[in-house]
Each structure stands twice: as C-alpha cells, then as structure tokens.
Amino acid sequence: MPITTTPKIWMNGALVDWADARVHVLTHTLHYGTGVFEGIRAYETDKGPAVFRLTDHIVRLHNSAKIMGMPMPYSVEELVEATKATVRSTGLPACYVRPLAYYGYGEMGLNTLPCKVDVAIACWPWGAYLGDDAVEKGVRMKISSWTRHDHNTMPPAAKTVGNYVNSSLAKVEALKAGYDEAIMLAPNGLVAECTGENIFAVRNGVILTPPLSAGALEGITQNSVMTIARDLGYDIRVDNIARSDLYIAEEIFACGTAAEVGSVRSVDEREIPCPGPKTRAIAATYARAVRGQEKKYLHWCELAN
Ligand code: PPE
C-alpha cells in the first residue's frame, strides 16, 4: 500500500524532516535482515489521539531485541515518549506507527557484535489492511506452500525484519493465486498464523488460537481479542489447530494491528460461515475499545498528548 508522508520521523533521539530520514546503502540490516520492529496504531478518541497498547508494543520490541541479542539504546519509557512525540508531530487524529531498531552503517559481515544500533519511529495514515469492510465481506485464504520457519531457524516470537521474508513469500503467492491472504503452517503441519495476523477458529462453540510454540507471534491484538471474548462470555483457548479444523470451522477470523479484526470467508475454497456472530461481536467491541469508547479497556488507550 502506498505511503502517505507526514512531517517528521524520529531518528536516534530527534525528530527530523520526513525527507531527511535516510540511511546509507551499506546499512547492516538492509543486507542481513537483522533489525526488529513493531506495528502500532494510534486512534482518534474524544481526548485526542491515543496509541493502542503502546507500552506493550514497546516491551515486545525490547523482547525481540533481547531474542536477537541486540542491545537497545533506549529504554521502554524513552521509546514510549518518543512514539507519543512522533504521533503528535503528525497532527493526525489517527495513524499507523512503525518503530524500527536496526544495525546501522559502519560494519559489514555477519558479526553484529561491533555494530551500532539505530532506532527510528515513523507514522503515516494507513487504511484497512485486509480491505474495507473485512468483517462483513470476509477474506479468502489459502494454506501457503511456504512453511513458517521453526524456532531453531528464525525465532517466530521475535518481530525481526528477516522473519518477514517468509511472510512476504506467502503473501505474494496467495495474492497471485487470487486469494486475499495466506495461512502458514508450522513445520509439524499445525496452523501457525497468517502472514501478518494471528488466526482464530471456532470449533464446537470454542474459539481456538494457536500458541507461540506453533510459530505464531504473541499478538497484542490476539491478546486484546482474548480478553474481549472472555468478557463477552465466550469460551476462548490457546490451543493447536489442525488444517482440517479450519475447513470445518464454524467461524474463522484473523487479527492484527494493521488488519484489526477480519472474517475469513473461505480456506482453500472450503466455505466458512461468514461473518460469524462471535467474530462480529468481538470486532465491534475491538473497534470501540481502540477508540476509547469502552470504559473497561480505557487503560489500553495511551494518550499521545
Ligand atoms: N503475526 C504476524 C506475523 C504479524 O506480522 C502480526 C502483526 C501479528 C501476528 C499480529 O500482531 P499484533 O499486531 O501485535 O496484534 N503484523 C504487523 C505488520 C503488518 C505489516 O504488513 O507490516 C501489524 O499488524 O502491524
């Protein structure tokens, strides 16, 4: 999706003009995929722009860096404040936020130990990732021919730049085959997640979502959805899902920061009832929660002002 520019990008402690937020072509992460990143959304609330679960996202960024053995030059608190300042600088009521920590210019070769870590935070307006009205219309998914990398290949729990080679291969394959999104299976054949979303399937009335051990990212939207679903009185569990669970599911939905909550209409041409009542109720509550319209979840909305 094309980028709409905003005035400033935060780089290593300062807000610089969008056009000046440049890196050298010999930036280490550009060659080896060694960076870590986050995807966050700020939403319009009646108290101004609020960044949804900002601290949780920055903690995950720190955890991704820890898994990679990358020293983070800024604390969680510093990056939370930097993100808020960047959101404020856009003047936008709502935007997508992309923090990125990467090994910068100055060293080449696979040894990251001598490399300098740079951090940037960019914001831009970003529309519905799975298309407009993804809840009502639903998306068509395909099981990918690409396998999600396992824990001893590329740790899926870390949101590293290089991990997304796997997701991009699967996404483009699905799009070229006429689908909207791909579902990735772990090396043991169990369902992991989608290319940029966690997945949920309803079987016998119970909502299931695969664990981190199945190769899924510990999604912050996934966690929010689990809280919302429990509060709505649904039985929701983290458990393994087999491919055939998907084909005969009563409902399937995917969720992530960029995608929010979207229904799945079919998997490999097997039609899934869509939109399902549980998906609809969860998506509606999530849409209000992120905008500060659900008192119970106001603590998730971290005001940028
Ligand atoms: N799995 C993957 C592989 C993933 O990339 C995301 C987020 C999720 C699950 C959901 O995580 P969370 O956002 O914490 O609920 N994907 C981000 C990047 C998307 C992109 O294309 O870029 C996002 O949604 O911001």
Side-chain angles (χ1 to χ4, degrees), residues 3 5-6 8-40 51 54-87 89 96-124 146-171 187 195-196 212-213 215-220 257-258:
I3 294 177
T5 63
T6 55
K8 300 281 183 191
I9 290 180
W10 189 93
M11 282 185 101
N12 294 324
L15 283 168
V16 302
D17 286 345
W18 177 282
D20 296 334
R22 296 176 186 282
V23 294
H24 195 275
V25 73
L26 292 184
T27 296
H28 194 276
T29 292
L30 197 54
H31 295 251
Y32 306 116
T34 43
V36 297
F37 72 103
E38 269 305 318
I40 316 175
V51 191
L54 170 59
T55 305
D56 291 331
H57 279 280
I58 300 296
V59 167
R60 189 173 65 186
L61 182 73
H62 265 250
N63 284 340
S64 295
K66 190 173 181 185
I67 293 171
M68 292 298 288
M70 172 190 253
M72 259 303 208
Y74 301 97
S75 67
V76 169
E77 295 71 30
E78 285 169 328
L79 291 177
V80 162
E81 286 314 311
T83 302
K84 289 180 180 176
T86 315
V87 169
S89 76
Y96 186 76
V97 184
R98 170 56 54 83
L100 171 71
Y102 57 101
Y103 291 113
Y105 170 82
E107 293 279 342
M108 286 303 262
L110 293 173
N111 178 13
T112 57
L113 297 175
C115 296
K116 167 169 80 76
V117 178
D118 289 325
V119 182
I121 305 167
C123 299
W124 66 90
W146 296 98
T147 304
R148 170 61 90 223
H149 34 74
D150 89 348
H151 295 275
N152 294 316
T153 309
M154 311 256 272
K159 211 168 158 62
T160 54
V161 175
N163 276 359
Y164 282 79
V165 172
N166 183 242
S167 281
S168 277
L169 285 168
K171 180 80 185 184
T195 67
L212 181 154
S213 57
L217 184 72
E218 272 191 313
I220 289 165
T257 298

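- H149 contributes no side-chain N or O that, together with a main-chain N or O of G215, makes up a donor-acceptor pair within less than 3.5 Å.
- Heavy atoms only, all atoms of each residue included: P71 and P73 are closest at O-CD, 3.4 Å.
- Between V97 and V87, the closest heavy-atom pair is CG2-CG2, 3.9 Å.
- Side-chain contact between W10 and V119: present, with at least one pair of heavy atoms (C-beta onward) separated by less than 4.5 Å.
- For Y96, the ring-ring contact (aromatic ring centres under 6.0 Å, His included) test picks out W124, W126, with sequence neighbours left out.
- The two residues G35 and T29 come nearest to each other via the heavy atoms N-CG2, 3.3 Å.
- Atom OG1 of T153 is separated from atom CZ of R148 by 11.5 Å, given to the nearest 0.5 angstrom.
- Under the salt bridge (charged side-chain N to carboxylate O under 4.0 Å, His left out) criterion, K116 pairs with D118, not counting sequence neighbours.
- Interatomic distance, CG of L61 versus CG of L100, reported as 8.5 Å (0.5 Å rounding).
- Judged by distance alone, the side chain of S64 and the main-chain N or O of K159 form a donor-acceptor pair under 3.5 Å.
- For M68, the side-chain contact (heavy atoms from CB on, under 4.5 Å) criterion is met by V36, M70, T160, not counting sequence neighbours.
- Residues Y164 and F37 place their aromatic rings such that the two centres sit under 6.0 Å apart.
- With sequence neighbours excluded, no residue forms a ring-ring contact (aromatic ring centres under 6.0 Å, His included) with H57.
- A heavy-atom distance below 4.5 Å is not found between the side chains of V16 and K8.
- In terms of heavy-atom proximity, I40 sits nearest to P99 at CD1-CG, 3.8 Å.
- Between I220 and T257, every side-chain heavy-atom pair lies at or beyond the 4.5 Å cut-off.
- Listed by first and then second residue, the side chain to side chain donor-acceptor pair (under 3.5 Å) pairs that reach into residues 104-113 come to none, sequence neighbours excluded.
- Using a distance-only test at 3.5 Å, with no hydrogens or angles considered, a donor-acceptor pair links the side chain of T6 to the main chain of C123.
- By the side chain to side chain donor-acceptor pair (under 3.5 Å) test, S89 is found to be paired with no residue, residues two or more places apart in sequence or in another chain being considered.
- Listed by chain and number, the residues in a side-chain contact (heavy atoms from CB on, under 4.5 Å) with E218 are L212 (sequence neighbours excluded).
- For D20, there are no salt bridge (charged side-chain N to carboxylate O under 4.0 Å, His left out) partners at least two apart in sequence or on another chain.
- In this view, V76 and T55, I58, V59, H62, V80 satisfy the side-chain contact (heavy atoms from CB on, under 4.5 Å) rule, not counting sequence neighbours.
- L15 has its side chain within reach of T86: a pair of non-hydrogen atoms, C-beta onward, lies under 4.5 Å apart.
- Nearest heavy atom pair, residue A101 against residue M72, reads CB-CE, 3.8 Å.
- Residues passing the side-chain contact (heavy atoms from CB on, under 4.5 Å) test with I67 are P155, A157, A158, sequence neighbours excluded.
- H28 places no side-chain N or O within 3.5 Å of a backbone atom of G106 that could act as its donor or acceptor partner.
- Checked against salt bridge (charged side-chain N to carboxylate O under 4.0 Å, His left out), R60 has the following partners two or more places apart in sequence or in another chain: E38.
- Residues that satisfy the ring-ring contact (aromatic ring centres under 6.0 Å, His included) test with W146, not counting sequence neighbours, are absent from this structure.
- Using a distance-only test at 3.5 Å, with no hydrogens or angles considered, a donor-acceptor pair links the side chain of T27 to the main chain of H24.
- Between A21 and M11, the closest heavy-atom pair is CA-SD, 3.4 Å.
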